Amino acid sequence: MSGLPPYASTGQRAWYYGFRVICGLIFFFLMAPILVIIPLSFNAQDFFTFTPEMLRLDPAGYSLQHYEDFFTNPDWQQALSNSVRIAPAATVLSVVLGTLAAIGLSQSHVPFKGAIMAILISPMIVPLIISAAGMYFFYSRVGLQGTYLGVVLAHAALGIPFVIITVTATLVGFDRSLTRASASLGANPVTTFFKVQMPLILPGVISGGLFAFITSFDEVVVVLFVGSAGQKTLPWQMFTGLRDQISPTILAVATILVVISVALLTVVELLRRRSERLRGMSPG
Amino acid sequence: MTDAAAGMGRAASDARKLDAVATGPMLAADGRPLKASLNRALRAQKLRALALIAPLLLFILVTFIAPIADMLFRSVENQIVSETLPRTVIALEDWQETSQLPGEDAYAALAYDFMEAAERREHTRVGSRLNYETTGMSSLFRQSGRGIDDVGEIYADQFVALNPAWEEPATWVALMASERWQAEAAETETDTALPRFELAPGIADVLPETADAYRSFARTIMSEDEDDPRAEEPWNTVYLALYRDLLAGTGGYDGPQAALLNEAATAVPVFEAVSVQAQFADINEDWADTEVWETIEAFSDPYTAGYFLAAIDMQLTPDGIEAQPEEQQIYILLFQRTIFMSLMITFSCILLGYPIAYLLSNLPMRTSNLLLILVLLPFWTSLLVRTSAWKVLLQQEGVINDILVWIGLVADDARLQLINNQLGTIIAMTHILLPFMILPLYSVMKTIPPSYVRAAKSLGATDWTAFWRVYFPQSVPGIGAGCILVFILAIGYYITPELVGGRTGTFISNRIAFHISSSLNWGLAAALGSILLALVLALYWLYDRIVGIDNVKLG
């Protein structure tokens with residue numbers, strides 16, 4: 001596939017280029033919806049389609065008014081501040097607990113490893129609507145429904161599987177003789193953990209943390225049920241906006257979120273490469 | 001193990017024992033037997049590992065597993081009827097002739113229960129619970145809550161006319177309350193809670209219903225209104241109970257207020273009497289309808305399969321299990337639609353994902369890594385961003401319709417309906433779940449050595465035969481993994497169908513959400529959720545068998 005041999009027949013040539021066109025169209029399908037909202041978010045009108053001015057590239061057709069609305073509207077600002085308060089708290093909780101457990105799980109001779117792993121991964125498997133329903137029932141029984149703490153706990157639970165998976169993946173390649181060497185040189189287990197093990201698994205921990213963060217930051221279903229109006233997050237505000245009256249400010253918010261995801265994706269990708277390089281598993 | 005093998009095992013272990021006796025156990029440096037030393041180290045290691053896992057395990061059990069268990073419990077739990085109407089439920093146990101109304105005892109029990117429930121404002125909850133099964137129960141219970149005060153009033157008036165002492169709260173306290181409670185209550189300072197009410201010993205044997213009704217009165221007004229039974233005239237239902245008890249006789253009672261009681265006992269037979277049934281029928285004539293009673297009886301068990309039956313379009317009627325009326329059968333249809341649409345989405349994901357994964361795995365590393373970003377970026381983009389993008393694109397005044405009109409494929413007055421139907425849900429969800437198909441496919445295809453296809457071609461296979469007979473079979477595990485993953489994710493989706501599905505493109509999860517937040521039928525929501533959960537877990541078990549949990553990879 002990597003290049004067309006000089007002896008290829010006409011049919012083979014046609015298929016070679018035809019296949020690439022098909023793939024190009026599918027990539028277009030993947031990317032176009034995300035790309036199309038970026039110019040639309042600069043629309044000077046309250047329309048969701050390209051105005052004739054925009055198509056002529058007339059500067060009058062573009063404006064930052066939807067961004068201005070996002071940064072000045074108290075509803076959106078409240079939602080943003082809630083998101084910024086909930087996601088980091090949930091992330092810290094899932095990273096700390098998840099990393100400890102992943103280290104425990106990666107040791108040899110863990111009894112009931114399969115069952116424990118299944119329980120820890122379960123928040124990722126169970127459909128969100130079911131988790132949300134269960135949490136709504138249970139949290140309202142114990143008085144956590146509609147509280148900041150309740151939402152943080154729920155989001156931490158949802159983020160934990162991602163931390164477990166990424167950190168255990170990093171630990172698979174971890175050379176145990178390093179900790180033994182450190183112990184033989186007189187380091188106690190805590191020093192060994194922070195000076196030897198932690199720097200090596202840090203890329204896994206950070207990318208697990210990023211997954212946990214994005215899980216909480218993007219999450220709508222659970223917060224809709226577990227939270228109350230006081231915990232309205234950015235996705236929640238977008239969800240109600242999309243369901244009730246769709247305002248173009250949503251497109252401005254969406255564009256900002258796309259920029260954030262590009263940044264996060266870059267960080268995760270760089271961390272993955274660094275981790276592979278450190279463990280000598282670089283693909284070259 | 002066969003007998004022979006067991007015998008050999010035993011012989012071998014005997015030999016080892018002999019060996020140990022002859023040479024002594026192998027010792028570690030500190031003089032302990034090596035085996036014990038190793039075991040100890042192993043145990044310490046296990047404990048350390050468990051200690052590291054324990055906090056998280058506990059956390060997940062409390063924040064996640066307990067809620068799921070709670071949901072499963074709620075799907076069968078039905079304690080509200082037996083908790084709110086306990087006496088009625090017991091009285092109905094003897095009710096066999098369901099073609100006739102239950103006897104006076106059941107009506108009296110209902111009066112006591114209902115009075116307490118109305119005072120605690122719990123009767124409307126039972127009403128709305130039973131309304132899921134028989135319509136009209138909710139309004140019947142709400143109305144009866146207002147009328148229950150009058151049940152027994154006719155007796156209260158006659159007792160007071162006989163002797164005004166019956167109107168005095170003090171008479172009742174002296175008759176009913178234990179001396180200890182009276183003493184403790186007398187010592188209690190004002191503005192502090194009274195001690196828990198206690199019946200006088202023996203009174204329950206003489207006046208069983210009255211004692212029960214009065215205790216319920218005393219405790220309820222103390223806890224609900226912080227009133228003092230020593231200052232409140234009892235409910236009319238207590239007089240009803242007294243009337244019924246006295247008709248049955250006092251059995252030579254000689255405790256406090258014996259004279260008053262004996263006077264009443266002789267007068268009671270000539271009281272003007274109205275049956276409790278008639279008094280209830282006065283509030284609402286539905287109480288003289290056996291259907292109401294049959295519903296109460298059918299749902300008096302603390303656990304019910306009613307919600308699960310409702311979730312599969314059946315219902316529990318007094319005559320047994322039968323299908324719901326035609327126009328109310330929606331859940332089977334909804335499950336079918338959810339599964340059908342999830343299959344459509346999975347199929348479109350294979351159709352679009354396979355070529356991409358094939359291309360990526362056959363390109364040079366550098367190019368494929370670059371193109372992989374085009375797959376990962378949508379994967380990382382917020383779900384709501386992608387859903388809002390599709391909402392904008394697919395609208396009738398949206399970008400896609402505009403382009404089609406501009407090209408001339410579609411007339412301006414006949415714009416396509418692309419959103420708020422099944423098509424909209426399928427398009428948007430295929431886009432959202434496509435990365436989950438491409439990534440597992442890609443990771444499988446990357447491991448297929450290109451030499452096999454080359455070998456096939458060198459042996460004379462055409463391009464198509466080489467692909468279909470050699471390459472494709474090796475990529476099937478990737479297809480399986482991707483399909484199950486996409487299907488599991490699709491079947492429980494809520495946000496996207498809610499926003500772009502309209503009325504016909506919604507899933508079972510939307511119905512669950514509706515029952516939680518709008519119709520408040522939590523039991524049915526829990527039953528639907530439990531069925532969905534069972535379905536997903538079964539699929540996940542399949543995924544584990546085919547792919548293995550450990551192969552879950554991210555990005």
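What you see is a predicted model; the values in this text were computed from it and never measured.
Within the 4.5 angstrom heavy-atom criterion, only side-chain atoms of B:L499, from C-beta onward, approach chain A. Proximity to chain A (any heavy atom under 4.5 Å) is restricted, for B:L434, to the side chain, taken from C-beta onward. Of the two parts of B:F73, only the side chain, counted from C-beta on, holds a non-hydrogen atom closer than 4.5 Å to a non-hydrogen atom of chain A. In this structure, the portions of B:L57 lying under 4.5 Å from any heavy atom of chain A include both its backbone and its side chain. With a threshold of 4.5 angstrom between heavy atoms, B:K391 approaches chain A through side-chain atoms but not through N, CA, C or O. At a 4.5 Å heavy-atom cutoff, the contact between B:L371 and chain A is made by backbone and side-chain atoms alike. For B:L352, the parts sitting under 4.5 Å from any heavy atom of chain A are the backbone and the side chain alike. Residue B:V399 touches chain A through both its backbone and its side chain, counting heavy-atom pairs closer than 4.5 Å. In this structure, chain A has heavy atoms under 4.5 Å from both the backbone and the side chain of B:Q45. Using a 4.5 Å cut-off between heavy atoms, B:I438 contacts chain A through its side chain alone, with no backbone atom that close.
Between chain B and the residues A:L224, A:I160, A:I22, A:T255, the most heavy-atom pairs under 4.5 angstrom are made by A:I160. Of the listed residues B:I512, B:L489, B:V375, B:L533, the one with more heavy-atom pairs under 4.5 angstrom with chain A than any other is B:L533. For the options A:P123, A:S207, A:P111, A:A156, heavy-atom pairs under 4.5 Å to chain B are most numerous at A:P123. Each of A:L251, A:L264, A:I214 has some count of heavy-atom pairs under 4.5 Å with chain B, and the biggest count is that of A:I214. Note: B:L56 leads B:L50, B:L539, B:L56, B:T430 in heavy-atom pairs under 4.5 Å with chain A. In terms of heavy-atom pairs under 4.5 Å with chain B, the best-connected choice from A:V110, A:L40, A:V258, A:V221 is A:V221. Listed options B:I488, B:L532, B:L383 were ranked by heavy-atom pairs under 4.5 angstrom with chain A; first place goes to B:L532. In terms of heavy-atom pairs under 4.5 angstrom with chain A, the leader among B:V453, B:I495, B:I432, B:L61 is B:I495. Looking only at heavy-atom pairs under 4.5 Å with chain A, the residue among B:P378, B:P55, B:G398, B:A51 that has the most is B:P378.
Below 30°, between 30° and 60°, or above 60°: for B:W464 and B:F467 the angle between ring planes is between 30° and 60°, a tilted geometry. Aromatic ring pairs are classed by plane angle as parallel below 30°, tilted from 30° to 60° and perpendicular above 60°; the pair B:Y358 and A:F19 is perpendicular.
Between the side chain of B:T506 and the backbone N or O of B:G501 there is no donor-acceptor pair closer than 3.5 Å. At least one donor-acceptor pair closer than 3.5 Å links the side chain of B:N510 to the backbone N or O of B:F507.
Using modelled atom types and a 3.5 Å distance limit, the side chains of B:N401 and B:Q396 yield no donor-acceptor pair.
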Worksheet item: What's the verdict on side chain to side chain contact (heavy atoms under 4.5 Å, CB included) for B:Y442 and B:L372, showing C-alpha distance, side-chain angles and the deciding distance?
Response: CA-CA 10 Å; B:Y442 173 59; B:L372 199 59; 4.0 Å; yes
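Residue pairs meeting the side-chain hydrogen bond (donor to acceptor under 3.5 Å, both in side chains) criterion with at least one partner in residues 152-164 of chain A, sequence neighbours excluded, are A:H155-A:S216, A:H155-A:E219.
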Taking distance alone, no hydrogens or angles, what donor-acceptor pairs closer than 3.5 Å link side-chain atoms of residues 93-105 of chain A to residues at least two apart or in another chain?
from, atom 1, to, atom 2, distance (Å)
A:S94, OG, A:A90, O, 2.8
A:S94, OG, A:T91, O, 3.4
A:T99, OG1, A:V95, O, 2.6

Sequence neighbours left out, cut at 3.5 Å: what donor-acceptor pairs do the side chains of residues 521-531 of chain B make with other protein atoms?
from, atom 1, to, atom 2, distance (Å)
B:N521, OD1, B:L524, N, 3.3
B:W522, NE1, B:I516, O, 3.2
B:S530, OG, B:A526, O, 2.7

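Listed in order of number, the residues of residues 135-142 of chain A that approach chain B to under 4.5 Å between heavy atoms are A:M135, A:Y136, A:F137, A:F138, A:Y139, A:S140, A:R141.
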